[in-house]
Amino acid sequence: MKIGYPCLNTRLGCSSARTFRLRSYSPQRLVRTVDQNLDCLERILRFNADHGLLFFRLTSDLVPFASHPVAENFDWAAHFAGRLGELGRFIRDHGLRLSMHPDQFILLNSPDPKVLRNSVAELRYHARLLDLLGLPEEAKIQIHVGGVYRDKTLSLFRFADRCLDLEEPLRRRLVIENDERSYGLKDCLMIHLVTGLPVVLDVLHHHLLNEGESLREALAVASATWSPDDGPPIVDYSRQRPGGRRGRHADSLEEAEFRAFLHDSQPYDFDLMLEIKDKERSALHALEIAAGDARLATPPGVRRPEPETPVPT
DNA sequence: TCTGGTCAAGGTGGT
DNA sequence: ACCACCTTGACCAGA
C-alpha cells in the first residue's frame with residue numbers, strides 16, 4: 001500500500017498548477033508558467049520521497065492549454081521532454097507512483113461530437129505527459145463515466161464504445177471511477193466487462209451511491225478488475241465533511257474513522273489516494289496511523305525492521 | 001498590497 | 001428557462 005494525496009502541497013510555498021487567463025496566452029507565458037510548475041513539481045516529489053508518501057496525483061494544470069487550439073502551434077511536448085524525462089527518472093528511482101484525474105469537462109459519452117473531440121484531446125495530453133515522464137502503465141488516468149443524457153443504459157454503453165475507439169497506449173492508462181450520483185460501482189463493473197478497463201473504488205462515492213455492497217465486497221470486485229500490468233488497484237479515500245453538504249470533502253483526516261477503514265479493508269492491498277482538503281498533512285497522518293500495517297509499502301532501499309534481528313557485536 | 005469576481009471546457013437538479 | 005452547484009485554486013482588475 002502506497003499512500004498519497006492529490007496535486008497540491010500546502011507547506012512548500014509553491015504550486016505546480018499555476019495557470020493564466022486564455023487572453024493572456026503567449027508561448028513565452030506558457031513556457032514561463034510550465035517552468036515554474038515543473039520546479040514546484042520537483043520540490044513536491046522530493047518532499048514526498050523524503051516522507052514516504054509514495055503515491056501522488058499529478059495536476060491536470062501542469063501544462064495549461066496543452067489541448068486547447070490556442071497552443072496548437074507550440075510543441076510543448078518537445079520543449080519540455082528533457083526536463084520531464086529527468087523528473088521521470090527521479091520518480092522511478094524513488095519508487096513513486098503517479099496518477100492523474102482530468103476534470104469534469106472530460107465526457108467520453110457526450111452526445112455532442114465537439115465535447116467528445118475536446119475530451120479525447122485532453123486525455124491525449126494526459127497520456128502524453130505520463131509517456132514523457134517515462135512512466136509505466138500503472139500510472140493511471142482516472143475518469144468518470146459522465147452524463148446520463150436521459151438514458152443511462154445507452155449512455156453507459158456509449159462510454160464503453162468510445163473507450164474501445166481510443167488508441168491502445170491511451171486506453172491502457174485509463175481507469176473508471178464510480179461517482180456519487182449516476183454511475184455506481186455496478187455500472188463501472190459493467191463497463192469493465194465490455195472494455196477491460198480497471199475500476200477505481202471511491203469510498204465516499206460508494207458510501208453515497210451503492211447497491212448494498214459492503215466495503216469489503218466492493219474492494220473484492222473492484223480489485224479483481226486490475227491485472228498485473230495495471231499495478232496495484234487504486235482506492236480513493238475521503239470523508240464527508242461533518243455537517244457539510246452531501247459529498248463535500250472533509251478538511252482533515254479523522255483517526256478513528258481511518259483506523260476503522262484500514263481494519264475493514266483487510267485483506268485487500270491497494271494504493272490509497274487521500275482526497276482530503278489539507279493534502280499532505282492528512283497523508284502524513286495516515287502514514288503514521290498505518291504504521292505497522294503489513295500492507296504499507298516502503299521506499300526502495302529502505303528495509304522494514306526485522307523483528308528479532310540479532311544486533312552484531 | 002489586498003480582495004473578490006471570474007476563469008476553456010458540461011451536466012444535473014432545484015426553482 | 002434559468003441558476004447554483006460540483007470542487008477548487010489561481011489569476012487579475014480594480015480598490
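Reminder, nothing fancy here: chain letters follow the sequence lines and each chain counts from 1. Predicted model, so just to flag it, every value in this text is computed and none were measured.
Atom pair A/Leu204:CG and C/dC6:C1' shows a separation of 13 Å (rounding to whole Å applied). The CG atom of A/Asn9 sits 13 Å away from the P atom of C/dG9 (whole-angstrom rounding). Between A/Arg23 atom CZ and C/dC12 atom P there is a gap of 7 Å when expressed in whole angstrom units. The distance between atom CZ of A/Arg158 and atom C1' of B/dG11, rounded to the nearest whole Å, is 13 Å. In this structure, A/Leu22 atom CG and C/dC12 atom P are separated by 11 Å, rounded to whole Å. Taking atom NZ on A/Lys152 and atom C1' on B/dT12, their separation rounds to 14 Å, with Å as the unit. In this structure, the CD1 atom of A/Ile276 is 15 Å from the C1' atom of C/dT8, given to the nearest Å. Between A/Asp251 atom CG and C/dT7 atom C1' there is a gap of 13 Å when expressed in whole angstrom units.
Taking a cutoff of 4.0 Å between a charged side-chain nitrogen and a carboxylate oxygen, A/Glu86 and A/Arg89 do not qualify as a salt bridge. No salt bridge links A/Asp131 with A/Arg124; every basic N to acidic carboxylate O contact stays at or beyond 4.0 Å.
Under the 3.5 Å distance criterion, with hydrogens and angles disregarded, no donor-acceptor pair is assigned to the side chains of A/Asp278 and A/Tyr5. In summary, the side chains of A/Arg295 and A/Ser265 do present a donor paired with an acceptor at a separation below 3.5 Å, with no hydrogens or angles considered.
Applying ring-ring contact (aromatic ring centres under 6.0 Å, His included) to A/Tyr237 and the options A/Phe261, A/Phe270, A/Phe55 leaves one that passes, A/Phe261.
With C/dG9, B/dG11, C/dC12 as the choices, the nucleotide that has an atom nearest any side-chain atom of A/Ser24 turns out to be C/dC12. Between C/dC11, B/dG11, B/dA8, one nucleotide has an atom nearer to the side chain of A/Pro111 than all others, and that is B/dG11. Comparing C/dC11, B/dG11, B/dG10 by their nearest atom to the side chain of A/Gln104 picks out B/dG10. Distances were taken from every side-chain heavy atom of A/Val115 (C-beta onward) to each of B/dA8, C/dG9, B/dG10; the shortest belongs to B/dG10. When distances run from any side-chain atom of A/Phe65 to the nucleotides C/dT8, B/dG10, B/dA8, the shortest one goes to B/dA8.
Annotation: A/Trp76 is in aromatic contact with A/Tyr125 [ring centroid separation under 6.0 Å]. The ring of A/His144 has its center no closer than 6.0 angstrom to the ring center of A/Tyr183.
Of the side-chain N and O atoms in A/Arg181, none sit less than 4.0 angstrom from OP1 or OP2 of C/dC6. The phosphate of B/dG11 (OP1 or OP2) has a side-chain N or O of A/Ser110 nearer than 4.0 angstrom. Residue A/Ser15 places none of its side-chain N or O atoms closer than 4.0 Å to OP1 or OP2 of C/dG9.
By the criterion of a centre-to-centre distance under 5.5 Å and near-parallel planes under 30°, the ring of A/Phe105 forms no stack with the base of B/dG10.
Using a 4.0 Å heavy-atom distance criterion, A/Glu275 is classed as making no nucleic acid contact. A/Arg117 comes within 4.0 angstrom of no nucleic acid atom, judged by non-hydrogen atoms across all strands. A/Val70 comes within 4.0 angstrom of no nucleic acid atom, judged by non-hydrogen atoms across all strands. The residue A/Leu8 sits close only to the backbone: its heavy atoms come under 4.0 Å of sugar-phosphate atoms, none of a base.
One cannot find a donor-acceptor pair under 3.5 Å joining the base of C/dC12 and the side-chain atoms of A/Arg21.
The partner of B/dG11 is C/dC5, judged by Watson-Crick or G-U wobble contacts that both fall below 3.5 Å.
Comparing C/dG9 with B/dG10, their P atoms sit 22 Å apart, to the nearest whole Å. As rounded to the nearest Å, C/dT7 and B/dT6 have P atoms that lie 22 Å from one another. A gap of 22 Å separates the C1' atoms of B/dA8 and C/dC2, to the nearest Å. Atom name P, nucleotides B/dG5 and C/dA4: the rounded distance is 13 Å, in whole Å.
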